[in-house]
**Q** 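Once you've had a glance at the structure underneath, I'll fire off some questions.
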Number of protein chains: 2
Amino acid sequence: MSVSIKDVAARANVSPATVSRALAGGQVSAALRAKVEEAVKATGYRPNLSARRLRSQESQTIGLIVADISNPFFTAVARAVEDEAYKAGLRVILCNTDENPDKEALYLQLMEEERVTGVIFAPTRATVGKLAKRQFNFPMVLIDRAEPGSGQDAVVLDNAGAAALLVEHLRDRGYRRIEGLFGNASTTGVERRLGYEEAMRRFGLTPSARFIPPSIKAAEEEVAGWFRRGPAPEAVIASNGLLLMGVVRALRAAGKSMPDDLAVAGFDNESWTDLIGPGLTVIEQPVATMGRTAMQLLLERLEEPDAPLRKMVLGGRCLTRGSTTGRERP
Amino acid sequence: MSVSIKDVAARANVSPATVSRALAGGQVSAALRAKVEEAVKATGYRPNLSARRLRSQESQTIGLIVADISNPFFTAVARAVEDEAYKAGLRVILCNTDENPDKEALYLQLMEEERVTGVIFAPTRATVGKLAKRQFNFPMVLIDRAEPGSGQDAVVLDNAGAAALLVEHLRDRGYRRIEGLFGNASTTGVERRLGYEEAMRRFGLTPSARFIPPSIKAAEEEVAGWFRRGPAPEAVIASNGLLLMGVVRALRAAGKSMPDDLAVAGFDNESWTDLIGPGLTVIEQPVATMGRTAMQLLLERLEEPDAPLRKMVLGGRCLTRGSTTGRERP
DNA sequence: ATGGAAACTGAAAACGATTTCAGTTGGCCG
DNA sequence: CGGCCAACTGAAATCGTTTTCAGTTTCCAT
């Protein structure tokens, strides 16, 4: 069917071995190399990557497993990972788990069958704890989400620190009753919550946090409830872009405005956050750096499989905007 | 190294052929099947997909080539394509071209080497015309962008019709000097421009369109120029989400507001468009349907390689919001 | 009991590349 | 001129599956 290395060899009157060497830049006389190249062009030959992988036992492919590529945070991370990967001559298989542990297990198994070179993975809280128990036939770098005992390299945000930055900022602007909304699927929610609670206590304030599913709708309903039943807090911190959008939607639906009815701060500097009303105060995550770093850690791990475990913790930046302008104290 | 089917066979005291059949659900006695399954579990065997692909000559993989997965339009399409693909037991290789024809050529070649089952492709204007000339070893479905003579199945929006919807809406609300901003990299820009111009003329208005690169920055600079040098039009139509965001940014930077200083309408109902100021009037593209349909067309093409060429044209919906509220006539 | 069909199993041949190993040249030096 | 090394080339093995082909067993109807 498809033209194989044998066809090229036949056409150039050489052996398949010579064709292989000529194309791979091995030791071949200039004359033969030219003949081979001519034959390749004439036949329209394309190497068969499956055959190459089978023989050479390396897939030159990595897996990227995230919750949902539609989430701008993961989109940005994925884009960075892919750029680095293709630069390194690696292909990327992308998988969306929708925070579903079953899908995570399924895709991890798929990765083993693909004999991938490595995997970059943003696991759910349910899965991250089990990773240490299993042995994979590829190295893995966790991204965005990790736990002390997971036994894998990782790139994460300083979640607690970033949450504390927001609390501190809100307190400085005079807010006291600061509510926290945290995603319940990932370790980031947990860590951000701890950072929030710790900071609140440090300032002598009473923390009040809610764990909810990481979706726009969940946040919207939660905040709508505050306005319906009251009392609403003075300020809210949303632990990711989805929750942040939910908060904004609820405010709009209830005809409330920022920061007067509710001051709003959150995570993820998505492209629209500076365009909404007075602009949203957010933690900017170094998304591209995270993706690039994950890829780097993976490549280095491939070079040195026995190097000590590494966890890269990156700092977030607090971008203050109009949604937390400040409050005249009573 | 890795455990192969032979190891399983040895452990179960059967031949590799039997193991293969047992796992593929072939004709095997229940007793042997159980023995094989036990052996699989004991050895931790995972089939090697490269070997399987080589032998069976089918990759069970499709390529998805788009301009930039960070663009929410493509994100949504990609998500739909992937869901459908995994449902059909196919893997997806995602490639970002950044509207660069060289990268497009590179990735198309990669797809041939991967021996992919098929490709879903959103080509640039530069490439789409050349597709008919080349022969690929896989079927291809164009998505979002196509041209009459491209010789491939396609799923596209009724671009001219959608642009006309916007013109009609703006005219109904009393706007007359309506400027159009169109992306210059894809056929959608061209088609939307034609639809815009045709509709303007139909209403006795003078079309005034600009072709610019499909980036936030390009649109922002263009609109900023209007306010700096004047005169600004009464309304603007932006032919995609990026340009739309650029328009909004320029307005904000110049301290202008919608719709009084400039009425704004555009393409792509991105999640933030109803939250900006009075809400943006946009054409909602059936993104998920587009992705799903592309996958369907591809699967059907695989079933019936010689079926006639098909082009699916989907209608856009006009969501009217505050950015085009209307104009009191002088 | 016997014939034949049906069910099951294993040996071996692919799939298309890479790579080892063993030649075969040709050139150069003594 | 003989010998040796370097450079080049090809035959054949290999990667891990699937699948064909042929052989064996089982079972049922006659």
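So you know, we letter chains A, B, ... as the sequences are listed, proteins then strands, and number each from 1. From a predicted model like this one, the values you see are computed outputs, not experimental measurements.
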**Q** Per the ring-ring contact (aromatic ring centres under 6.0 Å, His included) rule, what does the pair list look like for residues 98-152 of chain B, sequence neighbours excluded?
**A**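 For residues 98-152 of chain B, and leaving out neighbouring residues, the ring-ring contact (aromatic ring centres under 6.0 Å, His included) pairs sorted by first residue read A:Tyr86-B:Tyr107, B:Phe136-B:Phe138.
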**Q** Give the rounded distance in Å between these two atoms: CD of A:Glu113 and C1' of D:dT17.
**A**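 Distance, rounded to whole Å: 13 Å.
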**Q** Quick check: closest heavy atoms across B:Pro101 and B:Glu99, and the distance to 0.1 Å?
**A**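 Heavy atoms of B:Pro101 and B:Glu99 come nearest at CD-O, 3.4 Å.
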**Q** Rounded off to whole Å, could you give me the OH-to-P distance for the A:Tyr45 and C:dG16 pair?
**A**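 After rounding, the reported distance stands at 10 Å.
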**Q** Between A:Val66 and A:Val77, does the side chain to side chain contact (heavy atoms under 4.5 Å, CB included) criterion hold? Intermediate values first, please.
**A** CA-CA 10 Å; A:Val66 299; A:Val77 167; 5.7 Å; no
**Q** Write down the atom of A:Cys95, the atom of A:Met111, and the distance for their closest heavy-atom approach.
**A**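 Nearest heavy atoms, A:Cys95 then A:Met111: SG-CE, 3.7 Å.
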**Q** Let me know the distance between CZ of A:Arg53 and P of D:dC15, rounded to the nearest Å.
**A**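 To the nearest whole Å, that distance equals 19 Å.
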**Q** Which residues pass the salt bridge (charged side-chain N to carboxylate O under 4.0 Å, His left out) test with B:Glu104, sequence neighbours left out?
**A**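 Checked B:Glu104 against salt bridge (charged side-chain N to carboxylate O under 4.0 Å, His left out); zero matches.
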**Q** Among residues 4-21 of chain A, which residues get a heavy atom nearer than 4.0 Å to DNA chain C?
**A**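 Result for residues 4-21 of chain A: A:Ser4, A:Ile5, A:Ala17, A:Ser20, A:Arg21, sorted by number.
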**Q** Name the atoms and distances for all side-chain donor-acceptor pairs under 3.5 Å in residues 293-301 of chain B, with sequence neighbours left out.
**A**
residue, atom, partner, partner atom, Å
B:Thr293, OG1, B:Thr289, O, 2.5
B:Glu300, OE1, B:Arg310, NH1, 2.8
B:Glu300, OE1, B:Arg310, NH2, 3.0
B:Arg301, NE, B:Asp153, OD2, 2.8
B:Arg301, NH1, B:Pro305, O, 3.0
B:Arg301, NH1, B:Ala307, O, 2.7
B:Arg301, NH2, B:Asp153, OD1, 2.9
B:Arg301, NH2, B:Asp153, OD2, 3.0
B:Arg301, NH2, B:Ala307, O, 3.4
B:Arg301, NH2, B:Pro308, O, 3.1

**Q** Output the rounded distance in Å from CZ (A:Arg55) to P (C:dA17).
**A**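 The distance from CZ of A:Arg55 to P of C:dA17 comes to 13 Å, rounded to the nearest Å.
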**Q** According to side-chain contact (heavy atoms from CB on, under 4.5 Å), who are the partners of A:Pro72, at least two apart in sequence or on a separate chain?
**A**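 So A:Pro72 forms a side-chain contact (heavy atoms from CB on, under 4.5 Å) with A:Glu270.
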**Q** Check DNA chain C against residues 28-36 of chain A and give the residues with a non-hydrogen atom under 4.0 Å, in numerical order.
**A**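 Nucleic-acid contacts, sorted: none.
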**Q** Do you know which two heavy atoms are closest between B:Thr124 and B:Asn100, and how far apart they sit?
**A**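 So the minimum-distance heavy-atom pair works out to CG2-N, 4.4 Å.
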**Q** Does B:Gln57 have a side-chain nitrogen or oxygen under 4.0 Å from the phosphate oxygens OP1 or OP2 of D:dT18?
**A**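 No.
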**Q** Please give, in whole Å, the distance from D:dT17 P to B:Asn48 CG?
**A**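 Nearest whole value for this atom pair: 5 Å.
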**Q** Using whole Å, what does the distance between atom P of nucleotide C:dA17 and atom CD of B:Glu114 come to?
**A**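 It is 13 Å, rounded to the nearest whole Å.
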**Q** What is the distance, to the nearest angstrom, from the CD atom on A:Gln27 to the C1' atom on D:dG10?
**A**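 Interatomic distance, CD of A:Gln27 to C1' of D:dG10: 15 Å.
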**Q** Please give me the minimum heavy-atom distance between A:Ala51 and B:Leu54, naming the atom from each residue.
**A**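 Minimum heavy-atom separation between A:Ala51 and B:Leu54: CB-CD1, 3.8 Å.
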**Q** Once you round it to whole Å, what is the distance between C1' of D:dG16 and CG of A:Asn137?
**A**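 So the two atoms are 14 Å apart, to the nearest Å.
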